[in-house]
Amino acid sequence: MTYHPKSDFMRVMIERGFLADCTDYQALDDALVAGVVPAYIGYDATAQSLHVGHLMNIMVLRWLQNCGHKPITLMGGGTTKVGDPSFRSDERPLLGPEQIDANIAAMQQVFEKFLRYGDGETDAIMLNNAEWLDELNYLDFLRDIGRHFSVNRMLSFESVKSRLDREQSLSFLEFNYMILQAYDFLELNRRYGCLLQMGGSDQWGNIVNGIDLTRRVLDQEIYGMTTPLLTTSDGRKMGKSQGGAVWLNGDMLSPYEFWQFWRNTTDADTGKFLKIFTELPVEECDRLGALEGSEINAAKIILANEVTTLLHGAAAAKAAEDTAREVFEKGGMGDDLPTVALTATELGDGISIIQLFVKTGLAKSGKDAKRLIAENGAKVNDTALADAGRMVSADDLGQPMKLSAGKKRHALVVLQG
C-alpha cells in the first residue's frame, strides 16, 4: 500500500492491517478529513450471538468512532427473512420475526461493549433494515429500483458464479438479496447521510451495487471499503476452535473460554492479532509479535487480556488469567491445548472420567483411557487418578478441570454457560 492517508481513520486502517480494498481511497480520505463521516456495516440476524469472525469489523467501527466519525450498526431484520447467498453452498434456513428480534437483542449487548450509542454527532446508532424493507411495495420497487440492475452483471459476481458453477440451485428469493442490500445503502444515505459501507472482502460485489444504485437514483457519491478475509497462519478461517464457533455473548461462551481461545493463538499470528483486536500502539504490537521461545507466551497473555477486557471487562480478564495460572502452574500449558465445553444438560447426573478422557482426545477409546489410568499415567488437576469409575458432575466443574495424559499432554474440561 503506497497511499499515504491524511485522515486518522485511513491511517489506522492501513497501519493495523484492516484494509483490503476501497472504491476510491483519495475521495474517501478527503471526506474523512472534511467532516464527520457516517459509515455502516450490516449484520445478519441469523444467530443468537455474534462470533469471533465478526470481531475484526466491530473493531473497525470502534476505530471509526475513536477517530471522530459516526458508526451505524445495521441489523438485517428485513434481509434475514431472505438470506445472504454469498459464498454459501446452500440456502439459509429462514427464521420467523420473533427469533430475528431475539437475535438482534442479544447481538446489541455485544455492540454496546465496543461502541458508544447515543444522540451525539459521533455517537453510534443501531438500525434495522426491516424499518424500510417491510414497507416496500413490490411493483413500485421493481419499477423504481429493479430497473437499475443488470441480470448479466449480477450473474458475473463471484458469490453467484460459485453457486451456479457447482450447478447448485440459487433461488429467486436469494437472488434478490443483493438488490435489497444495495437498497439499504441508498436508504441509509437518504435518511442518515451515510457515506461509507464497510464489510468483509466477500461483500465487495454487494457494496459496489449499493454505490452504483445510489449514484443512479440520488446522484450521490458514496464509498465502499473492505477488510481482508482473516485466516490463521496455518490457513484456517479465523474464529473456529475445536469446540465450534467462538461466541461473543458470555452466556454462550464463558469469559474464561474466550480468554483461553486468544491465549492459544499460534506464535506466527500473535503480532497480527494484537494489531487487529487490541488498541495497543502498533510499535508495541510489533515488538510483542517478534518475541520468540517462551517469551511469546507473555505476548499471548497480553493479547488474551486486552481482547477479553474489551468484551467482558478488566475483572473478567484478570479472573481468567488467574484461573489459567492456577490450573497450569504445576503442569505447564501446550500452545494448542484442547478445551471441551460441556453444558449442564450434557452432564446430566454425571459423566464418567473415562468419557472425558476420550472426549478431550487424550485417549483414543474407553479401553485406552482405562489402560492409561491403570498405568498411573492419568491425572486430574495434577493429581494422579486411581479410580477409573469416577463420575464428574456440574459441581466438579465450578472451575475448569485439567486432565493430563503423561507429562506433556493436557486438556481442559469446562462448564458452558
Side-chain angles (χ1 to χ4, degrees), residues 22-23 28 37-46 50 54 57-58 60-61 64 69-88 92 94-95 97 100-101 103-104 107-108 111 115 117 124-138 140-150 153-154 157 159-160 172-227:
C22 181
T23 54
L28 175 57
V37 169
Y40 90 99
I41 295 178
Y43 295 87
D44 269 333
T46 48
L50 298 163
H54 293 109
N57 280 331
I58 295 174
V60 167
L61 290 172
L64 181 87
H69 301 284
K70 188 177 189 69
I72 299 171
T73 44
L74 179 66
M75 308 311 294
T79 38
T80 298
K81 296 171 185 174
V82 176
D84 182 359
S86 296
F87 298 98
R88 289 182 61 85
R92 288 182 187 273
L94 300 180
L95 304 179
I100 289 172
D101 289 345
N103 289 350
I104 289 173
M107 290 179 189
Q108 188 167 358
F111 286 118
L115 301 171
Y117 286 87
I125 54 174
M126 177 171 281
L127 302 171
N128 185 335
N129 63 11
E131 182 185 330
W132 50 85
L133 295 183
D134 280 0
E135 304 304 316
L136 286 179
N137 176 292
Y138 187 59
D140 289 345
F141 185 72
L142 283 179
R143 185 193 62 207
D144 298 337
I145 303 300
R147 66 190 178 89
H148 294 293
F149 286 84
S150 160
R153 186 157 181 266
M154 291 165 75
F157 284 117
S159 56
V160 175
F172 181 67
L173 179 71
E174 293 176 284
F175 196 56
N176 270 271
Y177 182 89
M178 62 179 77
I179 300 178
L180 294 176
Q181 185 168 326
Y183 185 69
D184 282 345
F185 203 173
L186 183 150
E187 280 295 324
L188 286 171
N189 180 260
R190 180 154 47 198
R191 294 171 182 232
Y192 301 95
C194 183
L195 293 180
L196 172 65
Q197 181 185 355
M198 302 179 291
S201 53
D202 60 339
Q203 293 297 314
W204 180 256
N206 288 330
I207 291 172
V208 170
N209 270 336
I211 292 171
D212 287 346
L213 179 65
T214 305
R215 186 184 295 127
R216 289 167 187 266
V217 176
L218 301 179
D219 195 27
Q220 288 284 333
E221 215 38 63
I222 55 178
Y223 312 102
M225 192 192 96
T226 58
T227 52

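Since we're looking at a predicted model, the values are computed, not measured.
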Test your reading of the model: is there a side-chain donor-acceptor pair from N103 to the backbone of A45, 3.5 Å cut-off? yes
In Å and rounded to the nearest 0.5 Å, what is the CG to CG distance from L213 to L218? 8.0 Å
Gap separating the CG atom of L28 from the CD atom of E221, nearest 0.5 angstrom: 11.5 Å
Any ring-ring contact (aromatic ring centres under 6.0 Å, His included) pairs touching residues 185-223, not counting sequence neighbours? Y40-F185
Considering only heavy atoms from C-beta outward, does the side chain of H148 approach that of D212 to under 4.5 Å? no
Distance check, rounded to the nearest 0.5 Å: L133 atom CG versus L180 atom CG? 5.5 Å
First locate atom CZ of F111, then atom NE2 of H54, and finally report the distance between them rounded to the nearest 0.5 Å. 7.5 Å
Counting distance only, does the side-chain N/O of R147 pair as donor-acceptor with the main-chain N or O of R143 below 3.5 Å? yes
With N57 via side chain to side chain contact (heavy atoms under 4.5 Å, CB included) - residues at least two apart: I41, Y43, V60, T227
Looking only at heavy atoms, which two atoms of A124 and L115 are closest? And how far apart? CB-CB, 4.1 Å
So if I apply the side chain to side chain contact (heavy atoms under 4.5 Å, CB included) rule between P38 and each of L188, L64, I72, which one comes out positive? I72
Verdict with reasoning, Q197 to L74, per side chain to side chain contact (heavy atoms under 4.5 Å, CB included): CA-CA 10 Å; Q197 181 185 355; L74 179 66; over 6 Å; no
Using the rule side-chain hydrogen bond (donor to acceptor under 3.5 Å, both in side chains), only one of N206, N129, N189 pairs with D184; which is it? N129
About how many Å separate CD of Q108 and CG of N128, when rounded to the nearest 0.5 Å? 10.5 Å
Can you tell me if Q203 and Q181 form a side-chain donor-acceptor pair at under 3.5 Å? yes
Taking all non-hydrogen atoms of both residues into account, name the closest pair between C194 and A39 and its distance. SG-CA, 4.0 Å
Indicate the atoms forming the closest heavy-atom contact of Y117 with I125, along with that distance. CE2-C, 3.6 Å
How would you list, by chain and number, every residue that makes a side chain to side chain contact (heavy atoms under 4.5 Å, CB included) with D144, sequence neighbours excluded? D140
Quick one: pull up CE in M75 and OG1 in T80 and give me the separation to the nearest 0.5 Å. 8.0 Å
With a 4.5 Å heavy-atom cut-off, do L127 and E187 have their side chains touching? no
